[in-house]
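Each chain gets a letter, A, B and so on, in the order its sequence line appears, and its residues count up from 1. This structure is a prediction, so every number in the text was calculated from the model and none was measured.
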Amino acid sequence: MNDSTKPTPKEPPRYDFAAAEPRWQTEWDRRACFAVPDVPPPEAKKYYVLEMFPYPSGKIHMGHVRNYTLGDVVARYKRARGHLVMHPMGWDAFGLPAENAARERGIHPGKWTYDNIANMRAELQRMGLSLEWAREFATCDAAYYGKQQKLFLDFWKAGLVERKESWVNWDPVDGTVLANEQVIDGRGWRSGALVEKKKLSQWFLSITKYAPDLLEALNTLDRWPERVKLMQSNWIGRSEGARVRFRLTDAAAAGAEEVEVFTTRPDTLFGMSFLAVAAEHPLAAAAAARDPRAAEFIAECRRMGTSEAAIEQAEKRGFDTGFRVAHPFVPGVSFPVWIANFVLMEYGTGAIFGCPGHDERDFEFATKYALPILPVVLPPGADATTFRLGGEAYTDDGTIFNSGFLDGLAVPAAKRRVIEELEKTGQGTGVVNWRLRDWGISRQRYWGCPIPVIHCESCGAVPVPEAQLPVVLPEDVDFSKPGNPLDHHPTWKHVACPQCGAPARRETDTCDTFVDSSWYFARFCSPGAAEPVTRAAVDAWLPVDQYIGGIEHAILHLLYSRFFTRAMKATGHLAVEEPFAGLFTQGMVQHESYKGADGRWLYPEEVEISVAADGTRSAVVKGSNEPATIGRVEAMSKSKRNTVDPGAIIGKYGADTARWFILSDNPPERDMEWTEAGVAGAFRFTQRIWRLAANSADALAPVGAAHAAGAGPARKLRQATHRTIAAVTEALENFAFNVAVARIHEFANAIGEAEGQAAAEGMGAARREALETLARLSAPMMPHLAEEVFAALRPGSGTLVAELPWPEADPELLKAETVTLAIQVLGKLRATIEVPVGAPEAEIFALAEAEENVQRALGGKPVKKRIHVPGRVVNLVV
RNA sequence: GCGGGCGUGGUGGAACGGUAGACACGCUGGAUUUAGGUUCCAGUGGCGCAAGCCAUGGGGGUUCAAGUCCCUCCGCCCGCACCA
């Protein structure tokens with residue numbers, strides 16, 4: 001090489017993401033790469049990828065970026081694998097924040113919502129997601145919620161809708177129903193008034209009718225995370241037990257002959273020391289009627305809020321009503337009836353019998369109020385004459401004692417025996433009880449789907465005739481008063497009864513927003529249909545093959561969607577059993593938090609981080625250089641100001657960098673930490689890929705050139721290529737996207753090393769294969785860069801990576817000639833040996849024992865046992 | 001309170017029960033560059049001169065072999081039915 005003729009080194013080529021990303025987005029769009037028909041051709045292998053649709057809060061956040069990037073990797077990968085992929089997007093657009101905006105800033109909820117959607121759509125489009133925007137809708141579109149009203153009426157006809165009373169949080173100052181979120185430490189978030197419980201008549205969907213099936217069918221969901229199935233199973237909460245009727249000793253005062261309890265431990269009936277009812281129980285009301293102190297206690301319980309967490313975390317308190325109940329089997333023995341704040345009216349019968357010896361809550365309650373504690377279950381090995389309970393209840397199995405006819409029986413046998421006896425004497429029955437409650441969908445709010453019902457004085461609750469659907473929300477609403485604007489609207493609710501024509505009142509409650517999100521996946525299959533869904537479309541596309549979203553939806557949203565699918569099947573709208581065949585739950589996106597010297601939270605862009613040689617990090621406030629403290633890594637939230645704006649990241653580094661970093665950082669099911677350093681590293685890697693391609697442009701063989709035979713550097717590169725194909729494919733199939741990223745890093749390193757051997761035989765073809773494979777394997781993660789690289793490798797070809805099939809690994813190139821075996825002595829690594837694949841075991845043992853380090857470790861002792869795991873390890877036991 | 005999960009170097013993490021720390025970030029040293037938020041090379045769990053020993057939140061167990069399986073304790077996170 002003659003230095004004088006060597007061209008002056010050029011500036012390293014830079015990948016211009018800002019120009020490339022919109023260009024490829026336009027190209028995908030122009031060629032309709034992601035469009036699919038409502039009804040796919042019968043021979044197509046369909047694949048429906050769906051991410052949980054966002055609430056249009058105003059801007060996308062990093063959680064969205066993570067969610068939609070994960071879904072896009074799956075969508076692009078499955079498309080390359082030859083599937084017809086439906087990948088739609090929409091908006092979960094009803095909800096409280098829009099009403100809050102209306103009250104705080106005077107903006108109409110509809111305008112606020114649709115403006116937010118426009119913003120967020122543009123942000124999502126900049127991410128280069130392979131979405132089919134033609135299917136987009138928002139749940140606040142009358143074209144959507146009108147169909148939801150039709151579903152409600154169909155469910156009603158099918159007996160799946162009921163009107164029942166239930167308790168709500170009531171703000172007595174604002175005169176408004178509060179969401180649990182709006183109750184802060186027992187007070188209304190705006191008025192500060194002590195919240196009360198209030199009973200309202202509301203609409204319910206009969207999800208409990210499907211409780212057995214919702215539980216049973218969890219077994220069929222083999223592509224759901226076990227923990228989600230477990231949580232659902234516990235939520236549905238099947239338990240076997242007994243209903244026991246206790247006779248009240250003073251029926252006249254109590255206003256009832258008996259009180260019924262549900263128990264899962266009828267075997268401990270002889271250890272009873274009290275009976276407790278919920279504050280909402282009729283017996284509590286009877287006590288209040290004759291004792292103002294009881295009334296006061298109930299009023300206190302009513303100030304506790306309706307959330308189960310609040311109730312169960314509260315200090316256990318009770319009030320002795322003075323009523324007594326007789327023991328079912330011991331004549332002359334009776335127990336006090338208490339009102340207790342930890343008994344839930346919604347579960348079982350709203351009454352329990354307390355056996356403090358064998359239930360922790362009962363133990364705590366009995367200890368507090370000095371009620372007797374009698375053990376009736378003897379732990380295995382304990383002696384009945386000397387056994388004493390320690391400072392806690394004994395809740396495990398054992399042998400029953402102190403219990404009359406149950407003495408000597410094991411717990412399960414005792415349960416069967418006592419139920420037999422209860423049934424024989426007519427005092428109770430064995431029952432299966434479910435924790436799951438019916439789904440109350442009524443919300444006293446404006447920004448939701450109107451429930452299509454008209455209340456008539458003579459006809460009762462009458463369905464809105466289908467011809468009058470959709471029942472559209474009025475536009476002219478007044479948010480200056482508290483309460484539901486639909487209720488104070490001057491005209492909207494005044495209608496004629498569809499049955500008798502008399503003046504009637506429109507239902508002013510709207511649907512829980514969980515209803516909106518319980519069937520949107522079905523609507524996506526035919527978003528323009530005149531019916532809620534088109535049978536041919538849902539029959540072809542459902543179930544969703546891969547659903548992706550946050551673990552926070554593990555129970556409610558997923559359970560409600562499973563219920564809706566069953567209800568829609570019962571009403572003939574679709575035929576599948578389950579909505580989501582595969583489920584993936586992603587972790588949260590977190591960030592460090594920062595505080596200034598004055599204790600004020602600081603945004604990441606307000607602080608300057610420096611790193612000392614020992615790795616210690618410290619922070620100062622930009623500009624002032626005042627010290628700042630680096631706080632915990634926690635979920636991004638506005639209140640902690642530890643948020644990073646995806647739009648700013650995409651502007652600075654490009655969508656591919658953001659996508660690559662969010663995938664590379666850690667396994668997607670785990671919480672991840674967003675770091676500036678990590679993003680910068682991902683950005684450098686995008687540039688590195690681009691450089692690898694640009695540096696090779698004139699050293700590549702033409703497309704289709706034959707590969708050289710032999711075992712030189714070209715073969716080594718080809719082996720790396722094909723092993724990477726196999727490894728990345730496996731990683732993508734397993735949602736191990738961070739591992740796929742690591743393999744691509746290794747591959748890029750291998751390609752970089754091969755640059756030094758450009759002259760070796762067959763290298764031109766091997767490098768073309770490697771670089772084209774690099775582009776195609778990284779395309780699900782970095783789709784724009786992949787197109788840009790591929791176009792540079794095949795100038796003028798017009799081929800889009802988005803339209804290419806997934807690369808296939810050549811099995812011949814995956815084979816290894818030798819393997820490295822770890823040689824252990826007593827499980828401790830002492831040496832490694834390199835042996836040909838398939839070497840005879842005897843030879844391997846001989847080689848292993850000949851190793852110097854192995855000899856030293858053996859110390860001359862005879863080998864008792866030799867374990868050989870082919871391709872992995874040899875363990876010698878002495 | 002109840003239900004579910006997670007815990008591995010300075011950091012994120014990898015690891016069919018089989019060589020713990022792949023890959024990356026960060027840091028250190030060197031080279032290139034007028035310059036560097038560039039690129040390239042080398043090093044990087046702890047202790048030890050070394051042989052080696054110690055390390056996967058703490059403690060215990062099963063196994064030839066445990067980050068992985070079992071028990072227990074601790075810490076953190078998610079859900080709890082009207083936030084989405």
Side-chain angles (χ1 to χ4, degrees), chain A residues 9 11-12 14 52 54-55 57 92 94-97 168-169 177-183 225 227-228 230-231 233-235 237 306-314 316 342 346 360-361 364 436-437 439-445 512-514 517 550-557 559-560 585 587-588 590 611-617 632 634-635 664-667 669-673 675 677-678 680-685 687-688 691 736 738-739 741-746 749 752 820-824 826-832 856 864-867 869 871-877:
Chain A
E11 270 290 292
R14 303 283 291 181
M52 292 179 184
Y55 178 77
S57 57
D92 188 13
F94 276 134
L96 268 180
V168 294
N169 299 307
V177 177
L178 297 175
N180 283 336
E181 186 187 58
Q182 299 171 318
V183 179
R227 60 171 164 153
V228 173
L230 195 54
M231 281 191 262
S233 167
N234 287 333
W235 185 264
T306 58
S307 94
E308 193 172 312
I311 292 166
E312 295 205 1
Q313 262 164 291
K316 299 204 181 357
F342 64 89
E346 291 83 8
E360 273 155 27
R361 287 193 305 187
E364 198 185 319
L436 185 66
R437 308 201 294 259
W439 176 11
I441 59 159
S442 294
R443 298 291 181 271
Q444 296 69 41
R445 307 193 196 292
D512 178 7
T513 56
F514 271 122
S517 55
I551 186 70
E552 68 274 17
H553 292 293
I555 297 174
L556 291 179
H557 162 60
L559 193 63
Y560 290 148
T585 51
M588 289 183 309
Q590 309 182 311
V611 186
D614 65 352
T616 316
R617 301 166 70 251
R632 294 197 319 155
E634 49 196 321
S664 67
D665 188 61
N666 68 352
E669 67 274 17
R670 255 191 255 182
D671 291 347
M672 75 165 290
E673 185 189 351
T675 61
F683 178 72
R684 285 200 297 273
F685 188 67
Q687 294 296 346
R688 176 142 192 257
R691 232 174 13 251
N738 57 324
V739 179
V741 165
R743 296 296 163 254
I744 288 173
H745 268 287
E746 287 172 7
N749 290 341
T820 307
L821 285 179
I823 312 302
Q824 301 177 333
L826 284 172
K828 276 198 195 299
L829 180 71
R830 295 301 172 184
T832 58
R856 190 167 42 226
K864 275 201 304 201
K865 193 170 172 189
R866 296 176 175 84
I867 290 145
V869 181
R872 290 273 175 188
V873 77
V874 168
N875 193 10
L876 304 172
V877 186

Pairing partner (Watson-Crick or G-U wobble, both distances under 3.5 angstrom) of [N]:
N	answer
B:C2	B:G79
B:G43	B:C27
B:A22	none
B:C49	none
B:C69	B:G61
B:C16	none
B:G36	none

I'd like to know if [X] reaches the base of [N] with its side chain, counting only an N/O donor and acceptor under 3.5 Å.
X	N	value
A:Gln444	B:C82	yes
A:Arg866	B:C64	no
A:Asn180	B:C82	no

**Report entry** side chain to side chain contact (heavy atoms under 4.5 Å, CB included) against A:Glu308, all qualifying residues, sequence neighbours excluded
**Finding:** A:Glu312, A:Leu344, A:Arg435, A:Arg437
Determine the Euclidean distance between corresponding [atom1] atoms of [M] and [N]; express it in Å to zero decimal places.
N	M	atom1	value
B:C77	B:A66	P	33 Å
B:C41	B:C23	P	13 Å
B:G17	B:C49	P	39 Å
B:C40	B:U32	P	16 Å

Query raised in the report: Contact class for A:Arg688 (heavy atom, under 4.0 Å): base, sugar-phosphate, or nothing?
Result: sugar-phosphate
Query raised in the report: Nearest to the side chain of A:Leu96, which nucleotide is it out of B:C83, B:G18, B:C78?
Result: B:C83
Report task. Could you tell me whether B:G46 is syn or anti, where syn means a glycosidic angle within 90 degrees of zero? Result -> anti
In whole angstrom, give the distance that lies between atom [atom1] of [X] and atom [atom2] of [N].
X	N	atom1	atom2	result
A:Phe514	B:A84	CZ	C1'	7 Å
A:Ile555	B:A81	CD1	P	10 Å
A:Phe683	B:G36	CZ	C1'	14 Å
A:Asn738	B:C23	CG	P	14 Å
A:Trp235	B:G79	CH2	P	12 Å
A:Asn234	B:A81	CG	P	16 Å
A:Glu308	B:G4	CD	C1'	14 Å
A:Arg830	B:C53	CZ	C1'	10 Å

Query raised in the report: In terms of side-chain geometry, is the basic nitrogen of A:Glu746 or A:Arg743 positioned less than 4.0 Å from the acidic oxygen of its partner?
Result: yes
Requested in this report: Quick one: sort the A:Tyr560 and A:Trp439 rings into parallel, tilted or perpendicular, breaks at 30° and 60°.
Outcome: parallel
